[in-house]
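For ligands, and for the atoms within them, numbers begin at 1 and follow the listed sequence. Since the model is a prediction, treat every value here as computed from it, not as a measurement. We use all heavy atoms of the structure for the numbers below, so side chains are in, but hydrogens, waters and symmetry mates are not.
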Amino acid sequence: MCGAGGAGRLLLLLLCGLFQAWQRIECLTMFLPSADNMTITIKRNLESSLQAPCTICTPKEGCKASTLQIQPGQNVSYNFSCPTPEKYFVMEIHKSIDCISGPCPFGAVGLQPLGLPRLNRTFSWHVIAARSVGLELSFNPWLRQIDPNDTCPDSATFNVSTCQGLKPSNIGIFCRNGSVSHVKVQGGVLVSLHLPWNESPLQSGFSIANRSSIKRLCIIKSTFKTESSAVLSSVNYPLGFPEDELMTWQFVIPPNHRASIKFINKTSPNCEKKEERVEYYLPESHNNPEVFKLDDLQPANIAGNFNMSLQSCDLDNQDPGILHLRFKITVQLVPKDESKLYFLDLSKERGLTVTIKRISTTFRNFVPECLVCKEPTECEQEVNLTSGRIYQLSFLCDNLANLMVTAEKVIACWSPACNIKNQDLTMPTTLLQLPVRLHKFVWQLIALDDISAEITSGSLKLQQRSFQGPSCNSSYHYDINSISREHNFALGAFCPGGAIERIQMRDNVSIVLRPTPKANLSATFKKHLKVTFIPVIKEECIFNVTPNTSSTVYLQTPNWDNGLPDYVSFSWNIIVPPKQEAVLAFLKDRMDIVCETGRAYVNIKEQKMQGEEIIRRDDQLMPEPKSFYSSFWVNISNCKTMANQNKLKVQFSVTFSPRQTDPKTILIAAVASGVGLLTVVIIGVTICCVKKKKEENRNAMVGVYNANVNTQMPGQKVVFNKGRHKNESHIYAVIDDNMVYGHLLDESSNGVMTPAVGVYQPFQGHMENPPPVPSPSFLRKRIKEENFEDPLSLLLRDNELYTFAQRKPEEPMSSGDSGIHLMENHNQEDLIDSSKD
Ligand SMILES: *[C@@H]1O[C@H](CO)[C@@H](O)[C@H](O)[C@H]1NC(C)=O
Ligand SMILES: *[C@@H]1O[C@H](CO)[C@@H](O)[C@H](O)[C@H]1NC(C)=O
Ligand SMILES: *[C@@H]1O[C@H](CO)[C@@H](O)[C@H](O)[C@H]1NC(C)=O
Ligand SMILES: *[C@@H]1O[C@H](CO)[C@@H](O)[C@H](O)[C@H]1NC(C)=O
Ligand SMILES: *[C@@H]1O[C@H](CO)[C@@H](O)[C@H](O)[C@H]1NC(C)=O
Ligand SMILES: *[C@@H]1O[C@H](CO)[C@@H](O)[C@H](O)[C@H]1NC(C)=O
Ligand SMILES: *[C@@H]1O[C@H](CO)[C@@H](O)[C@H](O)[C@H]1NC(C)=O
Ligand SMILES: *[C@@H]1O[C@H](CO)[C@@H](O)[C@H](O)[C@H]1NC(C)=O
Ligand SMILES: *[C@@H]1O[C@H](CO)[C@@H](O)[C@H](O)[C@H]1NC(C)=O
Ligand SMILES: *[C@@H]1O[C@H](CO)[C@@H](O)[C@H](O)[C@H]1NC(C)=O
Ligand SMILES: *[C@@H]1O[C@H](CO)[C@@H](O)[C@H](O)[C@H]1NC(C)=O
Ligand SMILES: *[C@H]1O[C@@H](CO)[C@H](O)[C@@H](O)[C@@H]1NC(C)=O
């Protein structure tokens, strides 16, 4: 007999009167019929076994015993010497059910005997069956598997083991709330149920049925009715799964839901023969069983019931290792537009990587997966999509706001022949049409050491975001950074709709487009930045700004958040349009820094002969607001500031307004000058940032007015210099406003614009647009990261055709206003300063 058949009637509860002279102990009696094949053990729990103030009293032995065992057929009277035995004693009720020697009493398993003392108790049922007999345990309520070390919130815990093999294998520890509806085993099972002392249910919550052979170690069936998830683990987890065994999980998925499998913990054994693997039978798959390695990405977006099996191998006896697996299955409602496919066309892109990933998980009881699917069941939390193909994306995600897109495009120029000229900084339209928010789009401009990058902003021009002045109200802005191995710095944030028309940067550049959170870029993004690779420039960067008439331009030193790096010098070439007056005003009246080495200077110089010059040192007041009627330089050069002190940060504004002058006079002057009107297009501000070389630190070089740098717009050199030589700087005044903002720069064919530079073949398209040309000796060998190797460039690298643009020696490069040597003066002054210090 191996049933759970009614034993309760046989338990008798009696009073047994006095069995100790001085103490009246009421006795409990327990009788276990032998037919039930049940053993009860009452014992002290481990913690209270030493100094327990409570004992078990029996008529024979008095109150001494710490354990009491009742065998089948015994009738025992006992009681406890204290009123709260549940604090000290636990009880085990073990029942053997032999299905080999007799018929099995299948059905619901009751919790007999009735009337047990109120102690924590563990019922265990040992079902012994023939090896080929399948046994199915059905649970109600369904169970949730937990880690062996975890406890259940209500302290009611199931422990299911299979007796196949030499020693029991633990199928799992379960709590009473979950998705596991059935456990099928073969050849016997050991089930235990731990209950707390204050709970006395009548039913165990499971029933046993016989089944035909399951031909494997066990089957765990999980049934899902709503959105939910479950964590399940292999037999014996976290110890090793038995050798050469097979176990299966069956999953019942409700309609309109999708399931995803994700492995949480896994280890692979050392196999002598065969290979460990997982096999799936997936709905609508034509390749069943689909075999996966443990390290593979597991299927997701599964619509319908499926099963998954874990197969172990023959282990290497010397060093078996262990196979274990813990995984999560998430079942979620099909998102509303689940069936929708989104095409991301990267087929015509180069160097572009798009990443779509989950932002963050907010804690909830059930956290739905938020996956991106590249194929129907190939879904991941994070996907990288590279250029060269068209992707069909779908999203298994309840809230697409939990996903974000980032993209990075590398525009590399590994050879002067790369011929990247006025390349638009665009984004694939299909990227902007994805239902997922674009977090940022990065363009990396990477080039050889002797190549620099130029960013032009045609129609909209850029505004530097500063703390003064208007805020950027566009739906996106650009963060521009200069990147080299020696130093990185942020030029700042720039948004469309300003005055900066062009930025040239010597080192590698990253341009990061950042949309505002609610931006609809597919509607608002206008490509307006263009990239050209140019021969290397001497400066860190050059900004060209074309102000609008009657406007105020707000500027601030780069790297604003952290302040200027030590020993750098930045210049702003502010060119005042004709008929305009510019008022330069600094926000603060002091630099507010303490120099450790060298001095910091602000230097303002009009760009005309005998132009006025204003120099202020870090210990002096900043210049008062001042009007200018011609172009001028502002130069800010930093010392090495004291550690942990303020860093140099300077903000200033230039306000342009119509100038009150007599047009006739100027007209005459202009005619007399006989200079081409073209020269007047140079309305701009040039910011040059020159990093001082270390060796120069001692003299704290200041006022580097870009001795070799053109102040005029590139391409205008010849004409401009001619004009300057004649000292007719005020000719600007006659020019129409239309002309002032003329776009003559782009007219490369104009013969007037032939630059006075040497041969520069590969950059043919750029001849009309040469940057300020550094002397070859200045071209330091920069070490650049080469991790964006472009195979094409390797071919070209051996094939360099160009020579450096170089000024003709006879050309008076510094005699005009365009390049002013101030260094000598300043060095002298600095020497005086140093000697005072
Ligand atoms: C009772 O249990 C023992 C082992 O615990 C087993 O050998 C025996 O067959 C069982 N008897 C019945 C009737 O189940
Ligand atoms: C068990 O023992 C008690 C007395 O100790 C007795 O009253 C009772 O009838 C016995 N029960 C059975 C089933 O033998
Ligand atoms: C009984 O179980 C509870 C948890 O359910 C535990 O806190 C208590 O220590 C246990 N009592 C004994 C005597 O083991
Ligand atoms: C469970 O606890 C035991 C002993 O406390 C420890 O050795 C084992 O690593 C734990 N297992 C897990 C999975 O935490
Ligand atoms: C579960 O039962 C098995 C077999 O009886 C036993 O070895 C194991 O220690 C039990 N695990 C827990 C956590 O009770
Ligand atoms: C089981 O889940 C239900 C609802 O989810 C909850 O009310 C109940 O407290 C849970 N019981 C246990 C033992 O976790
Ligand atoms: C289940 O057990 C019953 C009787 O105990 C037997 O008639 C039946 O054939 C068994 N079924 C299987 C699948 O073993
Ligand atoms: C299982 O993975 C979790 C996190 O993934 C880790 O914290 C835990 O230690 C792992 N457990 C084992 C037994 O490897
Ligand atoms: C797994 O599913 C396949 C297809 O539905 C079925 O043929 C097979 O019997 C299942 N295996 C298990 C162990 O459930
Ligand atoms: C995607 O690419 C990034 C950067 O290369 C990498 O850190 C990440 O691990 C990749 N993710 C996947 C899922 O391959
Ligand atoms: C942004 O500001 C400019 C002026 O600063 C204004 O002309 C433009 O309409 C504004 N755009 C939006 C979208 O508010
Ligand atoms: C043990 O039995 C229970 C149930 O009959 C009584 O309530 C207890 O008082 C008794 N314990 C002692 C110490 O007599």
Side-chain angles (χ1 to χ4, degrees), residues 42-50 52-54 56 66-67 80 82 84-92 94-96 117-127 134 136 145-176 182-186 188-199 211-223 233 235-239 246-253 278-290 302 304-311:
I42 297 172
K43 61 182 183 188
R44 284 204 188 127
N45 75 346
L46 286 174
E47 294 95 74
S48 64
S49 58
L50 288 176
C54 194
I56 302 170
S66 61
T67 57
F80 301 98
C82 66
T84 55
E86 70 275 6
K87 284 189 183 163
Y88 312 103
F89 290 95
V90 295
M91 183 165 55
E92 287 168 6
H94 182 82
K95 180 166 173 135
S96 281
R118 284 159 66 82
L119 302 176
N120 285 354
R121 72 211 91 133
T122 305
F123 294 90
S124 58
W125 297 270
H126 187 183
V127 182
E136 183 182 79
Q145 187 166 18
I146 57 167
D147 259 4
N149 289 8
D150 283 352
T151 53
C152 298
D154 63 355
S155 298
T157 311
F158 278 98
N159 178 354
V160 181
S161 300
T162 167
C163 311
Q164 237 182 14
L166 293 174
K167 47 185 180 178
S169 300
N170 184 235
I171 292 174
I173 313 290
F174 301 88
C175 302
R176 282 190 298 196
H182 299 83
V183 173
K184 295 178 211 175
V185 292
Q186 194 168 336
V189 69
L190 197 61
V191 183
S192 72
L193 169 61
H194 175 87
L195 289 172
W197 63 272
N198 53 359
E199 199 185 330
R211 293 281 180 264
S212 54
S213 165
I214 59 165
K215 297 194 159 50
R216 64 204 70 210
L217 191 58
C218 65
I219 297 174
I220 294 177
K221 184 171 176 184
S222 261
T223 305
S233 40
V235 164
N236 282 345
Y237 183 87
L239 304 177
L246 173 66
M247 82 177 282
T248 297
W249 290 269
Q250 294 174 328
F251 298 106
V252 178
I253 310 298
V278 277
E279 294 182 358
Y280 290 88
Y281 283 88
L282 298 175
E284 292 164 28
S285 165
H286 303 296
N287 301 323
N288 280 329
E290 297 206 15
I302 306 166
N305 300 346
F306 69 104
N307 60 41
M308 167 190 154
S309 298
L310 175 68
Q311 170 78 62

Locate the shortest heavy-atom distance separating C54 from F89; write the atom from each residue and the value. O-CZ, 3.6 Å
Answer yes or no: is there an ion pair linking R216 with E279, defined by an N-O contact shorter than 4.0 Å? no
The answer, listing residues by chain and number that come under 4.0 Å of ligand 9 through any heavy atom, is R216, T248, Q250, Y281, N307
Taking side chain as C-beta onward, heavy atoms only, is Q145 less than 4.5 Å from S233? yes
Under 4.0 Å to a heavy atom of S161 - the qualifying atoms of ligand 5, by number: 2 (O), 3 (C), 4 (C)
Atoms of ligand 3 close to S155 [distance to a heavy atom under 4.0 angstrom, numbered from 1]: 4 (C), 5 (O)
Do F80 and I56 come close enough that some side-chain heavy atom pair is under 4.5 Å? yes
Between N45 and ligand 3, does any nitrogen or oxygen pair lie at a separation below 3.5 Å? yes
If the cut-off is 4.0 Å to any non-hydrogen atom of I173, which atoms of ligand 5 fall inside it? 11 (N), 12 (C), 13 (C)
Are any of the side-chain nitrogens in K221 or E136 under 4.0 Å away from the carboxylate oxygens of its partner? no
Which atoms of ligand 5 sit under 4.0 Å from any heavy atom of L190? 4 (C), 5 (O)
So I173 and D150, do their side chains get closer than 4.5 Å, heavy atoms only? no
How about CD on E199, more than 12 heavy atoms from neighbouring residues, nucleotides or ligands closer than 6.0 Å, or not? yes
Heavy-atom contacts with E86 under 4.0 Å: which atoms of ligand 3 show up? List them by number with element. 11 (N), 12 (C), 13 (C)
Counting only nitrogen or oxygen atoms and a 3.5 angstrom limit, does N120 reach ligand 3? yes
Tell me yes or no: between the side chains of S124 and H94, is some donor less than 3.5 Å from an acceptor? yes
If we only count N/O pairs under 3.5 Å, is K87 in contact with ligand 3? no
Between H194 and T122, does the side-chain hydrogen bond (donor to acceptor under 3.5 Å, both in side chains) criterion hold? Intermediate values first, please. CA-CA 4 Å; H194 175 87; T122 305; 3.2 Å; yes
Nitrogen or oxygen of N170 less than 3.5 angstrom from that of ligand 5: no
Side chain to side chain, I302 and I253, heavy atoms closer than 4.5 Å: no
